Protein chains: 2
Amino acid sequence: MSCHTSKDSLHAVGMKVTKAREVLLRVLEASDHPLTVDEIYDRLAQPRPGRPTIYRNLERFIQEGWAESFVDKNQIQRFLRCSTTEHHHHIHCEKCQRTTELDGCAMTKALSQLERQCGYKVTRHQLQIYGLCPGCQKALTLK
Amino acid sequence: MSCHTSKDSLHAVGMKVTKAREVLLRVLEASDHPLTVDEIYDRLAQPRPGRPTIYRNLERFIQEGWAESFVDKNQIQRFLRCSTTEHHHHIHCEKCQRTTELDGCAMTKALSQLERQCGYKVTRHQLQIYGLCPGCQKALTLK
DNA sequence: TCCAAAACAGAATCAAGTTCTATTTCTGTA
DNA sequence: TACAGAAATAGAACTTGATTCTGTTTTGGA
Ligand SMILES: [Mn+2]
Ligand SMILES: [Mn+2]
Ligand SMILES: [Zn+2]
Ligand SMILES: [Zn+2]
């Protein structure tokens, strides 16, 4: 049988199955918005991994395409679980921080046009989209 | 007459004309790539403004739309002069760091389509495009 | 020239993130 | 199950980009 536990995923890429890794994946999975290392730390029951362990493993997760990180407006790194390793983007609610994963990338065509226009060869891009989620829009209307 | 000096610009928005502001604008203008505060600091002749002064004024410049900043891959803030206050993006050469300002924004249409699809109301977005500038592409070919 | 507000200098401080080494945990092998 | 080597963690110390704070200087208008 093949129910995908974190243990399976870790094995599949040759990473040892440690308590820290399992609990980190669980915390990321449980959040509907990107977390700072401090926020992750606060959600862990004692005894909990130290910050270096958290950083180190999140980095590994990102390498495997299991998570992404970005730097928020306060210059703090935030981490989020991704459900696919395909190139994609996210939209972040500016009020409640809820984050939604978007399907695919709408920029592919525009970028190849850009290459012709500006002479650069595009190698990669990062896009952060901010907005108000349906719930927060409704809340604003009611006020 | 109306040649646009930094003095004129500062007056126009009610900012006092100080040595620090003039020299900071000059350094930003002279660079073809985004600078860290340390890089700016190193380019200033003594006596030079302290780091808090540099940060404070760059922040003002950004508020006025005269500059932009982003956080680079080492989590360090980089600043660049903008030639327009209109919404636009930049492309950064991954080899030589040269940065080119792009005309307008290719995402407007895609974003309004996204709003319908995901239910969020989009409020703003940030896009960083990385690539190889024409010069660096040529250099790679020759090798 | 004089004054009040704005801006600056520079030291001290903060905190996110990293480094380092000793210890523990994991997993393949016998 | 016991063992050994490799991988991973703990936790303190450190680094450094950025901010705060207070006393001094500069600016621009009256
Ligand atoms: Mn994702
Ligand atoms: Mn620009
Ligand atoms: Zn994309
Ligand atoms: Zn745009």
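To find a chain, count down the sequence lines: A is the first, B the second, and so on, and within it residues start at 1. Any value given below was found using the heavy atoms of this structure, including those in side chains, with hydrogens, waters and symmetry copies removed. Since the structure is predicted, the reported quantities are computational estimates derived from the model, not experimental observations.
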Considering residues, nucleotides and ligands other than [X], do more than 12 of their heavy atoms fall under 6.0 Å from its [atom1]?
{"X": "B/D103", "atom1": "CG", "answer": "no"}
{"X": "B/Q117", "atom1": "CD", "answer": "yes"}
{"X": "B/E86", "atom1": "CD", "answer": "no"}

Legend entry - Parallel, tilted or perpendicular: rings of A/H89 and A/H125 (30°, 60°):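 Taking A/H89 first and then A/H125, their aromatic rings sit tilted (interplane angle of 30° to 60°).
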Legend entry - Nearest to side-chain heavy atoms of B/K16, which nucleotide of C/dA11, C/dA7, C/dC8: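 For B/K16, the side-chain atoms sit closest to C/dA7.
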Inset, instruction - Taking only the side-chain nitrogens and oxygens of B/T18, find out if one of them lies under 4.0 Å from OP1 or OP2 of C/dA7. - result: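 Checking C/dA7 against B/T18, no side-chain N or O comes under 4.0 Å of OP1 or OP2.
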d([atom1], [X]; [atom2], [N]) in whole Å:
{"X": "A/Q77", "N": "C/dG17", "atom1": "CD", "atom2": "C1'", "value": "9 Å"}
{"X": "B/L10", "N": "C/dA7", "atom1": "CG", "atom2": "C1'", "value": "12 Å"}
{"X": "A/R51", "N": "C/dT19", "atom1": "CZ", "atom2": "P", "value": "17 Å"}
{"X": "A/R21", "N": "C/dT24", "atom1": "CZ", "atom2": "P", "value": "19 Å"}
{"X": "B/D72", "N": "C/dA16", "atom1": "CG", "atom2": "C1'", "value": "15 Å"}
{"X": "A/L35", "N": "C/dA16", "atom1": "CG", "atom2": "P", "value": "15 Å"}
{"X": "A/N74", "N": "C/dG17", "atom1": "CG", "atom2": "P", "value": "11 Å"}
{"X": "B/F61", "N": "C/dA7", "atom1": "CZ", "atom2": "C1'", "value": "12 Å"}

Inset, instruction - Under 4.0 Å from any heavy atom of chain A: name the first and the last nucleotide of DNA chain D that qualifies, 5' to 3'. - result: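 The contact span of chain A on DNA chain D goes from D/dA6 to D/dA18.
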Inset, instruction - Indicate whether the side chain of B/H92 and that of B/Q128 have a donor and an acceptor atom separated by less than 3.5 Å. - result: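 Their side chains do not contain a donor-acceptor pair, so the 3.5 Å distance test is not met.
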Inset, instruction - Find out whether B/W66 and B/C82 are in side-chain contact, i.e. whether some heavy atom of one side chain is under 4.5 Å from a heavy atom of the other. - result: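 In short, these two side chains do not touch, never coming nearer than 4.5 Å.
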Inset, instruction - Looking at every strand, decide which applies to A/V17 at a 4.0 Å heavy-atom threshold: base, sugar-phosphate, or nothing. - result: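 Sugar-phosphate, no base atom in range.
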Inset, instruction - Quick one: label B/R78 by what it contacts on the DNA or RNA (base, sugar-phosphate, nothing), any heavy atom closer than 4.0 Å. - result: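 Counting heavy atoms under 4.0 Å across all strands, no contact is made by B/R78.
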Legend entry - Comparing B/P52 and B/K19 on DNA chain D - which has the more 5′ nearest nucleotide: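 Here B/P52 is the residue nearer the 5' end.
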Legend entry - A/Q75 or A/R56, whichever maps to the more 5' nucleotide of DNA chain D: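 Residue closer to the 5' terminus by nearest nucleotide: A/R56.
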Inset, instruction - Taking all non-hydrogen atoms of both residues into account, name the closest pair between B/P34 and B/E39 and its distance. - result: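 Here B/P34 and B/E39 meet closest at O-OE1, 3.9 Å.
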